[in-house]
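Here is the naming used below: chain letters follow the sequence lines, and residue numbers restart at 1 for every chain.
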2 protein chains.
Amino acid sequence: MQDLSTSPPQLQSIDKAIVDAILSARIQPGTRLSENQLAALFSVSRTRVREAMMRLEARCIVTVSPRRGWFVSEPSAEEARHVYGARRIVEYGLLRSMPALTPSDLAALHRHLEDEKLAIASADRQRLTCLMGDFHIRLAEIVGNPVLTEVLRDLTARTILISLMYQSDFHALQSHEGHCAIVAALEANAPEQAAALAIRHLDEVEEGLDLTRQPDPLADLRRSLQPETEAGPRPAADMLKTTHRHTQKENP
Amino acid sequence: MQDLSTSPPQLQSIDKAIVDAILSARIQPGTRLSENQLAALFSVSRTRVREAMMRLEARCIVTVSPRRGWFVSEPSAEEARHVYGARRIVEYGLLRSMPALTPSDLAALHRHLEDEKLAIASADRQRLTCLMGDFHIRLAEIVGNPVLTEVLRDLTARTILISLMYQSDFHALQSHEGHCAIVAALEANAPEQAAALAIRHLDEVEEGLDLTRQPDPLADLRRSLQPETEAGPRPAADMLKTTHRHTQKENP
DNA sequence: TGGACAAATCTTGCATACAAGACTGGAAAG
DNA sequence: CTTTCCAGTCTTGTATGCAAGATTTGTCCA
């Protein structure tokens with residue numbers, strides 16, 4: 001379904017390709033990642049694919065089901081709560097200790113907010129999901145601490161998976177306004193307020209999740225059989241199957 | 001030098017054994033981790049060892065030098081600063097949002113502080129290093145968020161490596177007092193103060209590092225040739241060589 | 001028509017083999 | 001005596017082969 005290889009795939013590392021696909025919401029939680037198919041796609045042997053999977057597994061981004069296959073993680077409701085909890089703590093600390101913004105930081109943030117506004121206007125949900133996550137990574141980048149950025153990148157990847165699983169309706173405008181408020185507080189040199197706003201923002205987003213929702217084993221099939229909607233036809237050349245991890249246990 | 005296999009090694013996963021060895025300061029930064037030797041030690045083939053190494057590499061705990069070998073990470077001075085920076089941010093957020101302590105939490109913390117005091121009294125530096133790191137993991141555990149605990153565990157592992165590399169003299173008592181102050185603030189239900197104390201504590205510890213110190217390629221040799229000191233002879237049966245990563249580039 | 005069984009086909013798990021680069025030690029040359 | 005070079009030995013990098021379990025699908029029987 002989601003194509004990982006928009007450009008010559010040889011040069012990109014496999015890890016990065018998959019993480020990027022998640023960060024830009026081009027790949028669904030539960031998507032099967034076949035060792036053989038990835039090996040073919042990247043023109044390497046299974047060994048290297050496996051190594052990439054091991055690394056991603058250590059970052060909770062993919063899961064292995066023994067002798068069944070590798071799958072993009074499907075965070076449980078509990079895990080989702082923990083990820084949001086961790087993000088609240090990390091981002092609170094982050095914003096509290098944010099240095100005064102330089103003009104270029106500020107420009108970058110405003111450019112980002114502008115992008116968000118455009119995406120909302122064009123109702124491009126995938127791009128929105130991506131931008132909403134990116135905002136927080138941008139904040140981390142301003143601090144200039146790669147260790148922290150890395151932590152937040154992984155948490156963001158997991159957050160995106162959570163959104164794709166549990167987000168019933170996407171209050172994009174509300175999120176965007178949250179981001180604007182945070183930037184405004186930072187601009188006003190009020191880090192304590194920015195931190196408080198970030199927590200409220202994350203609360204709101206978490207509130208918008210439907211954590212009681214069970215993963216739908218038939219989701220892909222449903223989507224595939226659905227007659228064309230607004231979005232136009234999906235790209236045809238897809239090397240990765242859309243097989244989902246839940247196949248036989250259907251609702252009785 | 002450091003023995004990783006105190007008990008039957010088959011059952012433990014390789015990752016855990018190595019991380020545990022680092023968290024308890026039984027293994028030095030720069031120690032070579034030979035695939036063959038680990039494979040023999042754990043009675044598996046190199047494949048599985050390699051997979052473990054890949055996972056640990058993703059967590060910045062080991063490094064590979066192409067076709068030369070795997071080594072326990074030797075964080076650079078810059079990385080050290082970033083790790084401490086990240087910890088300040090995370091732990092500030094953590095303590096700020098700490099729930100009121102339950103009696104059992106409090107008991108556990110006090111027990112830990114008691115252990116620290118004992119270790120100081122017996123001047124057991126290895127045990128101290130281990131306990132000092134553990135304190136922060138304990139704090140994370142109280143919040144009951146495994147995602148965050150995991151983040152802090154990795155940061156702590158890296159911190160321990162940093163200590164082993166750059167800590168010229170270990171102000172154990174000062175650290176211990178820092179921990180006591182934090183617990184006292186938590187006990188007094190003053191999370192804001194606890195958070196501020198944590199930052200000061202981390203500042204002090206970082207201050208105690210000598211980040212200008214260059215890694216000493218002769219460290220192992222020096223230790224080995226040194227006549228017996230207080231600590232008594234090292235355990236004899238060591239399967240891992242003490243080879244360090246710097247072998248030929250000596251100071252001219 | 002419905003259900004159970006079994007074979008065929010897929011998947012990963014793991015070990016091994018071989019290639020290629022890095023390091024060591026010794027011999028030869030200056 | 002010092003330096004250079006080369007072969008031997010070590011290391012990891014990578015592919016591949018085979019085994020074992022899971023899944024699917026086709027068939028047979030009630």
Side-chain angles (χ1 to χ4, degrees), chain A residues 1 9-15 18 30-58 61-74 215 217-218 220-221 224 239-250 252, chain B residues 9-15 17-18 30-58 61-74 217-218 220-221 239-250 252:
Chain A
M1 163 186 304
Q10 295 86 319
L11 295 175
Q12 276 189 85
S13 86
I14 304 172
D15 310 14
I18 292 176
T31 304
R32 169 183 222 109
L33 298 171
S34 155
E35 293 185 3
N36 278 321
Q37 290 177 3
L38 286 171
L41 193 56
F42 287 90
S43 314
V44 294
S45 84
R46 275 181 52 216
T47 307
R48 300 196 48 191
V49 174
R50 250 170 157 270
E51 292 174 350
M53 290 298 147
M54 296 290 166
R55 282 188 291 261
L56 292 175
E57 188 187 26
I61 286 175
V62 307
T63 319
V64 64
S65 172
R67 300 206 192 261
R68 296 217 317 114
W70 294 93
F71 300 89
V72 176
S73 285
E74 297 177 285
L218 303 179
D220 298 302
L221 196 53
S224 303
M239 289 210 52
L240 285 177
K241 278 200 247 158
T242 66
T243 322
H244 240 259
R245 74 173 329 188
H246 324 278
T247 39
Q248 73 277 20
K249 12 175 166 134
E250 329 220 329
Chain B
Q10 296 86 320
L11 296 175
Q12 276 189 86
S13 87
I14 304 172
D15 309 16
I18 292 177
T31 304
R32 172 186 219 105
L33 298 172
S34 154
E35 293 185 2
N36 278 320
Q37 290 177 2
L38 286 171
L41 193 56
F42 287 92
S43 314
V44 295
S45 85
R46 274 181 53 216
T47 307
R48 299 196 51 192
V49 173
R50 245 166 163 274
E51 291 174 351
M53 290 299 146
M54 297 287 166
R55 281 188 292 261
L56 292 175
E57 190 187 24
I61 286 175
V62 307
T63 319
V64 65
S65 173
R67 300 207 192 261
R68 296 218 316 114
W70 294 93
F71 300 89
V72 176
S73 285
E74 296 177 286
L218 304 178
D220 298 303
L221 195 53
M239 289 211 53
L240 285 176
K241 278 199 245 156
T242 66
T243 322
H244 239 256
R245 74 171 332 185
H246 325 279
T247 39
Q248 74 278 19
K249 14 176 163 129
E250 329 221 328

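Residue B/W70 contributes atom CH2, which lies 16 Å from atom P of C/dA22 at whole-angstrom precision. One atom, CZ of A/R68, and another, C1' of D/dA20, lie 16 Å apart when rounded to the nearest Å.
Taking 4.0 angstrom as the limit, A/N36 places a side-chain polar atom (N or O) nearer than this to OP1 or OP2 of C/dT11.
Between B/I14 and B/V44, some side-chain heavy-atom pair lies under the 4.5 Å cut-off. Inter-residue side-chain proximity for B/V64 and B/M53 is flagged as unmet; no heavy-atom pair is nearer than 4.5 Å.
Note: B/L33 CG to B/L56 CG = 8.5 Å, rounded to the nearest 0.5 Å.
Contacts of B/R48 classified as side chain to side chain donor-acceptor pair (under 3.5 Å), with partners at least two apart in sequence or in another chain: none.
Using modelled atom types, one side-chain atom of B/S34 and one backbone atom of B/Q37 make a donor-acceptor pair closer than 3.5 Å.
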> Just by protein heavy atoms under 4.0 Å, how would nucleotides 14-21 of chain C read 5' to 3' in B, S and -?
Replying inline: SBBB--BS
